[in-house]
Amino acid sequence: MNDIPSRYNPKETEDKWYKFWEEKNLFSAKVNPAKKPFCIVIPPPNVTGILHMGHALNNTIQDILIRYHRMKGEEALWMPGTDHAGIATQNVVEKSIAKEGLKRQDLGREKFIERVWQWKEQYGSTIIHQLKKLGASCDWSRTRFTMDEEYSKAVLEVFVRLYEKGLIYRGSYIINWCPRCSTALSDEEAPHRDLQGNLYYLRYPFKEEFRGLSQKGTVPYIIVATTRPETMLGDTAVAVNPKDKRYKKYIGKTLILPLVNREIKIIADSMVDMQFGTGAVKVTPAHDPNDFLLGKKHNLEFINIMHPDGRLNENAGDYKDMDRFEAREVILEDLKEKGFLEKVQPHRLSAGHCYRCHTIIEPYLSEQWFVKMKPLAKPAIEAVKKGKIKFYPKRWTKVYLNWMENIQDWCISRQIWWGHRLPVYYCKKCKAVTVSKIKPEKCSACGSGDIYQDEDVLDTWFSSWLWPFATFYWPQGLSPQGTVPAEDLKYFYPTAVLVTAPEIIFFWVARMIMAGLEFMADIPFRDVYIHGTVRDIEGKKMSKSLGNIIDPLEIIDEYGADALRFSLISITAQGQDVYLSRERFQQGRNFANKIWNAARFVLMNLDPTQIRVDLCEFFKSQDLDIVNRWILSRFYTTLKQVSKALDNYRFNEAANLLYGFFWHEFCDWYLELIKPEIKERRNQVIMYKILEKFLRVIHPYMPFITEEIWQRLPHMGESITIQPWPHVQEQLIDKKAEKETDILFSIIKSIRNLRAEIEVRPEQKVVVSVYPQIKAAVNLIQNNQGLIRRLANLEELNLLDSSRRPQKTTSDIENKYAVIYLHFSGIIDIAQEQAKIKQGLQDQLKRKAAKEKLMQNPEFVKKANSEVVKKMADEIKELEEKIKRLEKLTDELH
RNA sequence: GGGCGCAUGGCUCAGUUGGUUAGAGCGCUACACUCACAUUGUAGAGGUCGAGGGUUCGAAUCCUUCUGCGCCCACCA
């Protein structure tokens, strides 16, 4: 009689509806002055990316927002795309050609880049397909890639503008160098991790006293401490603090650098911490950022001892071509042998690690390009301080500001091939630098045609920081095919909200704010929502290397995308980390199935001819019964709360509200209540309308199942994705009905409780007498006897007007509203009953005493909210009545 | 060294501006597959809200100190 299976099968629906949405272009957004724009730019995943739980969380949140605002009638645009991810992608392709026994150098730059593009064509859209599996409603027709021709123009434009403004400069500085990737990295790309290492104490002998020391008996050497002994080969000084009494007399003296036999001076600088190590520090200006500063200040020699790949170079003498860590061991051996090693102490230290390959980075002196950040940071700090951009949760504001206020210049050149090549040209003749978007014919200084382009490419983030406007074809404002009109940028920018993870704040969020203000003269987004990190059940971050990954695609396969989405969101408190296990997804699957079966039930019992009516009109024309008034009220109350929660980025709250409403109110109570009279018009209309509206409201969370059901309903419109978000009908919110059903339900629950307690078989009908404790309950019970009888499985229901315990009573129970007596031919355990009553009496007395004490406190009466005081007084009155009744009962039982 | 987060029933967590008897999911116990759903239903057990101190008529909630766990930042040779 009906063709709906009793289990929801996501596999049969998800791909089908996604295809449908795409075919109908339901996700495309256009400039529409009649509508409010709502735009989110996706944090572009790496082209090398495959969907992990972090993506799943990040994109589910964005999809919920986009679908919600689309239904609210805004012009919702979710701008998708991918990031060329310079280092990561180059690494992947290098690995792939390594299978053919090739290195990128074998291919040469051009051929290698060709291979990367080939790779991108083949695998670069994997993540896009996976996002579609998730249900992401991006406007795919706009998909951008940071290496697109037009996008690249924007990148070069920005470089040139900043250069011309004097904000980009080139210079030799100590930067983070990854020997494995063989490139410079920004500070953000080289996060510090703690390591267990050693502090090595080395003896540097004095030159003057070198020979005759043993006779004089003075200290023949100064001891310096270092964690990287191999860098001693590049030492050009030893520094002490000028205030340090121990060393004052040695300042200006000369030492002989062991193994190398270089003469180095002892210099004084207040930078030296007297407390650390021996208070004397070896200075390696080419291999340590602090030493670099000292080197500049004291005009020291800069000796680079390392090849870019981490092996030592010709300046390392005998240690040439050894790997840095191998050299460390050999050097230590040699130092030890020659008596220059004083001691070795275990030492916790932290070192930068390449964020792509996790190799320990080397502070390395090299010529790089930098962006001066302070001038860019200033307005970006202001924008957040003034509240033009808001972080959710708020606490990230401080993290952002702290970083921005201490911002360092940004190293943007990378010594790799895959990326935007610097628009910088050098003249072979006069060495002048020409910076130009398009390759210049000749040197801007001397006019020579003998020029060549810088080999370096730009940091990937130097392109991603333009994402919120470069995706709209800034600065031309027009896509090459003219498919994206110039007005788009104006209409959709600034975007509404950026959704991302905390570790991206510095990399991307902060820089987008700076770029937006600099190039668009406006903030790129109004809100920043920072969600938590996805962890496993033990709290460890999910990562491939730990092997604790839960693959979202497997979850989709097993439970469905809706289940994945719903579960993920319902356990993610705002901004808190998420602890996941596979079992957690059962909740979402079960909920989907519940919705499925409720819809199935409604459809099985639906007469489509009855329901074509406007809900409000229908409501006005009818004298609706309490049950329908209640469920309408509950729906609209929930809707109101859900909208509010979504507006405040409280996604889990909205999810849980919807879950509770649908499962425990609509299914458990409402559908059960109307079952016998389900064909009545009022029930037909209300159950249908609520189901239909509920589907819309849960749709942002569970797009697939809601579409599947929607399509089976006698619906209007082609897809649920573009149905309007229901309006809150305030006039249907009926607190009185809610209160009254609470009375009915608690009476029914109490009876059920009673039955269970004395183990009445479920099929056994019993007789129950009810003595209402509040006036409102009397009529209510009277008018809803049938309902109570059915849900509590009663033979007969008597309404008492006296609290006298009726004859043949087996057991009783009381709740806020009534005392309930159950008549059943079982055995009455008088003692047990007495104990129960006694206990109840004592509880009530205690509660009454507590409340009376509060009421006798003049401070309370004076200061507390009058509503609270009144409530308290009412409660005392109620308690008094209950106590009176209980006392009477005790007497009777004696 | 600086900053942030977390600590609530066996487990994982909610608890918005302080206000009745602190909630949910999972797990557990008992009962129930004729009636949309066993991916289910009904009922139940289980918490002195990490510790001390303070503010307040009133604190899981605000302040403070401490303890434990986790994270971020920093030029700790």
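Numbers restart at 1 for each chain; the letters A, B, ... are given by sequence-line order, proteins then strands.
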Remember a base hit wins even if backbone is also touched, and classify [X] as base, sugar-phosphate or nothing at under 4.0 Å, heavy atoms.
| X | result |
| --- | --- |
| A/Arg589 | base |
| A/Lys749 | sugar-phosphate |
| A/Glu503 | nothing |
| A/Lys862 | nothing |
| A/Phe506 | sugar-phosphate |
| A/Val399 | nothing |
| A/His664 | sugar-phosphate |
| A/Ala599 | nothing |
| A/Arg650 | sugar-phosphate |

Nearest to the side chain of [X] - [options]?
| X | options | result |
| --- | --- | --- |
| A/Asn753 | B/C37, B/G44, B/A77 | B/G44 |
| A/Lys282 | B/U39, B/G25, B/A77 | B/A77 |
| A/Glu653 | B/A36, B/U16, B/A77 | B/U16 |
| A/Arg584 | B/G25, B/G5, B/A36 | B/G25 |
| A/Arg193 | B/C4, B/A77, B/C72 | B/C72 |
| A/Asn597 | B/G3, B/U16, B/A36 | B/A36 |

Rounding to a whole Å, what distance do you find between A/Arg328:CZ and B/A77:C1'?
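That distance rounds to 13 Å.
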Euclidean distance, atom CD of residue A/Gln345 to atom P of B/C76 [Å, nearest integer]:
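These atoms are roughly 18 Å apart.
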What interatomic distance, in whole Å, is found between P of B/A59 and the corresponding atom of B/G19?
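Here B/G19 and B/A59 have their P atoms 11 Å from each other.
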For B/A60, the Watson-Crick or wobble counterpart (both distances under 3.5 Å)
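Here B/A60 is not engaged in any pair, so there is no nucleotide opposite it.
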Partner nucleotide of B/A14 by Watson-Crick or wobble geometry (both distances under 3.5 Å)
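By the stated definition (distances under 3.5 Å), nothing pairs with B/A14.
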For the residue pair A/Phe745 and A/Trp669, does the interplanar ring angle fall in the parallel (under 30°), tilted (30 to 60°) or perpendicular (over 60°) class?
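Parallel: the ring planes of A/Phe745 and A/Trp669 meet at under 30°.
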Classify the side chain of A/Arg752 versus the base of B/U42 as yes if they form a donor-acceptor pair under 3.5 Å and no if they do not.
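By the distance-only test, no, there is no pair.
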Is there a donor-acceptor pair closer than 3.5 Å between any side-chain N or O of A/Asp269 and the backbone N or O of A/Met271?
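Side chain of A/Asp269 to backbone of A/Met271, a donor-acceptor pair under 3.5 Å: yes, one is there.
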